[in-house]
2 protein chains.
Amino acid sequence: MFGRGARIDAVDELDRAILRELQSDARRTNRDVAAAVGVSPSTALERTRALRRRGVIRGALLDVDLGAMGRPVQALVSVRIRPPSRAVIEEFRDWAQGLPETLGVFVTTGTADFVLHVAVPDNDRLYAFVIDRLTQHTAVADVRTSVVFEHLRTTRVDPVAQD
Amino acid sequence: MFGRGARIDAVDELDRAILRELQSDARRTNRDVAAAVGVSPSTALERTRALRRRGVIRGALLDVDLGAMGRPVQALVSVRIRPPSRAVIEEFRDWAQGLPETLGVFVTTGTADFVLHVAVPDNDRLYAFVIDRLTQHTAVADVRTSVVFEHLRTTRVDPVAQD
DNA sequence: TCTGAAATAGGTTGGCC
DNA sequence: GGCCAACCTATTTCAGA
């Protein structure tokens with residue numbers, strides 16, 4: 001192992017095919033996946049479990065309709081932190097991640113240290129989130145808010161050959 | 001129906017509990033969910049199906065490790081489009097959504113018309129994506145790239161009471 | 001590795017409270 | 001609307017190629 005040009009546990013064609021099927025619907029039954037990729041159920045099961053063991057598959061996330069959940073308004077909130085030291089960054093990251101409005105936290109380079117993806121019931125709540133909640137945190141130096149009209153997610157991440 | 005203060009198909013306490021369980025792992029078996037929320041399997045099944053029918057649950061997404069998929073470098077790419085007319089916006093949105101590097105597309109207000117969330121094998125590929133691929137599109141007027149050091153996603157979206 | 005059949009566990013339905 | 005119990009289908013295991 002560790003031979004030149006080959007990573008440990010490379011994802012082969014069968015693995016790729018299984019990942020394609022499961023990405024289209026993470027609840028596909030093992031039988032379905034096996035039939036779709038053309039192997040026996042036990043083979044598909046063993047491959048899927050190996051992908052899980054190796055950490056390629058981390059789990060299955062529920063895709064919910066944010067409108068139906070009472071949070072139709074989404075925004076990307078860019079936040080500048082001061083000072084941007086590790087301790088402050090990590091503390092803010094965990095705090096932001098725990099807010100009920102937060103869908104995701106990006107820790108970034110560039111003009112913003114963080115980009116928060118949030119979903120709220122209406123514009124009033126968005127404004128309140130930014131001017132009440134965020135500015136309440138002492139490390140927040142600057143905030144810029146962009147309303148998200150539409151958010152499309154890709155359900156197909158192709159593995160790149162790791163030679 | 002359509003009575004004052006109540007939306008059609010309001011999400012009740014049992015629905016909320018089921019959504020909480022499934023958001024922790026979208027592959028939880030119906031039996032597990034039923035036991036966790038304290039109802040019989042047939043009740044849990046009927047509720048879950050109703051949530052699906054009503055569009056509250058849209059599906060289950062596979063959570064993959066982008067590093068293991070050979071795409072350890074993530075970025076948020078802000079794009080300004082000209083002219084920002086409906087036709088151009090929608091054409092660019094669909095084009096960007098179809099690129100293999102793209103994880104998600106945000107259509108936004110503010111200084112950028114789009115924010116693209118992308119994952120690539122390395123910094124060279126990120127640079128190539130921005131200066132070769134994106135600028136190839138005639139509607140792209142301006143691009144700003146932020147590298148994403150870390151991306152945390154929330155796995156718990158609480159429904160907000162829709163009174 | 002992959003297969004196929006046998007054992008186990010889960011999803012599903014209908015009658016009932 | 002929710003529960004129970006029987007039915008049926010899928011997952012999982014294991015011996016063998």
Side-chain angles (χ1 to χ4, degrees), chain A residues 1-3 5-64 68-70 159 161-163, chain B residues 1-64 68-69 159 161-163:
Chain A
M1 58 176 79
F2 295 99
R7 293 272 170 85
I8 349 164
D9 295 331
V11 174
D12 70 8
E13 259 317 307
L14 180 53
D15 291 328
R16 295 165 88 91
I18 289 172
L19 286 167
R20 256 195 308 277
E21 296 303 322
L22 286 177
Q23 281 186 101
S24 76
D25 175 7
R27 295 201 57 141
R28 292 280 294 276
T29 67
N30 184 58
R31 269 175 125 86
D32 264 11
V33 172
V37 305
V39 295
S40 72
S42 50
T43 299
L45 185 65
E46 174 47 34
R47 288 303 193 107
T48 305
R49 282 212 278 229
L51 287 168
R52 219 169 233 282
R53 264 199 313 276
R54 290 153 54 188
V56 179
I57 294 176
R58 304 203 298 191
L61 305 170
L62 199 68
D63 185 13
V64 298
M69 297 286 272
Q162 304 173 50
D163 57 351
Chain B
M1 57 177 74
F2 297 100
R4 64 154 180 75
R7 292 272 171 84
I8 347 162
D9 296 331
V11 174
D12 70 8
E13 260 316 307
L14 181 52
D15 291 328
R16 295 165 90 91
I18 289 172
L19 286 167
R20 257 196 308 277
E21 295 303 323
L22 286 177
Q23 281 186 99
S24 77
D25 174 6
R27 297 202 53 144
R28 293 281 296 273
T29 66
N30 182 59
R31 278 171 119 88
D32 263 12
V33 172
V37 304
V39 296
S40 72
S42 49
T43 299
L45 186 65
E46 174 47 33
R47 289 303 195 108
T48 305
R49 282 211 279 227
L51 287 169
R52 218 169 233 283
R53 263 198 314 275
R54 289 154 53 188
V56 180
I57 294 177
R58 303 203 298 190
L61 304 170
L62 198 69
D63 185 12
V64 298
M69 298 285 273
Q162 303 173 50
D163 59 348

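For the numbers below, each heavy atom of this structure counts, side chains included, while hydrogens, waters and symmetry mates do not.
- Note on B/R28: nothing from the nucleic acid sits closer than 4.0 angstrom, heavy atoms only.
- Atom CD of A/E46 and atom P of D/dT13 are 10 Å apart (whole Å).
- Side-chain proximity of B/T29 to C/dG11, D/dG1, C/dT13: nearest is C/dG11.
- A/R20 places none of its side-chain heavy atoms less than 4.5 Å from the side chain of A/V37.
- Computed from coordinates, the A/D12 CG to C/dC2 C1' distance equals 13 Å when rounded to whole Å.
- With hydrogens and angles ignored, no donor-acceptor pair closer than 3.5 Å exists between the side chain of A/S42 and the base of D/dC14.
- The side chain of B/L45 lies closest to C/dT13 when the candidates are D/dT12, C/dT13, C/dC2.
- Distance CG (A/D32) to P (D/dT9): 14 Å, rounded to an integer number of Å.
- Distance, A/R31 CZ to D/dA10 P: 5 Å, rounded to whole Å.
- The side chain of A/R47 has C/dC2 as its nearest neighbour among C/dT13, C/dC2, D/dT12.
- Taking both residues in full, the closest heavy atoms of B/G59 and B/R52 are given as CA-NH2, 4.0 Å, listed atom of the first, atom of the second, then distance.
- A donor and an acceptor atom never sit less than 3.5 Å apart when one is taken from the side chain of B/T43 and the other from the base of D/dG1.
- Proximity of B/R27 to the phosphate of C/dG10: no side-chain N or O atom is located under 4.0 Å from OP1 or OP2.
- Here the side chains of A/E21 and A/T48 are not in contact, with every heavy-atom distance at 4.5 Å or above.
- One can place CD1 of A/I18 at 13 Å from P of C/dT1, the figure rounded to the nearest angstrom.
- For B/L14 and D/dG1, the CG to C1' distance is 10 Å, given to the nearest whole Å.
- At a threshold of 4.5 Å between non-hydrogen side-chain atoms, the residues B/L45 and B/V33 do not count as touching.
- One can place CG of A/N30 at 14 Å from C1' of C/dC2, the figure rounded to the nearest angstrom.
- The minimum heavy-atom distance linking A/R27 with B/A26 is given by the pair NH1-O, 2.8 Å.
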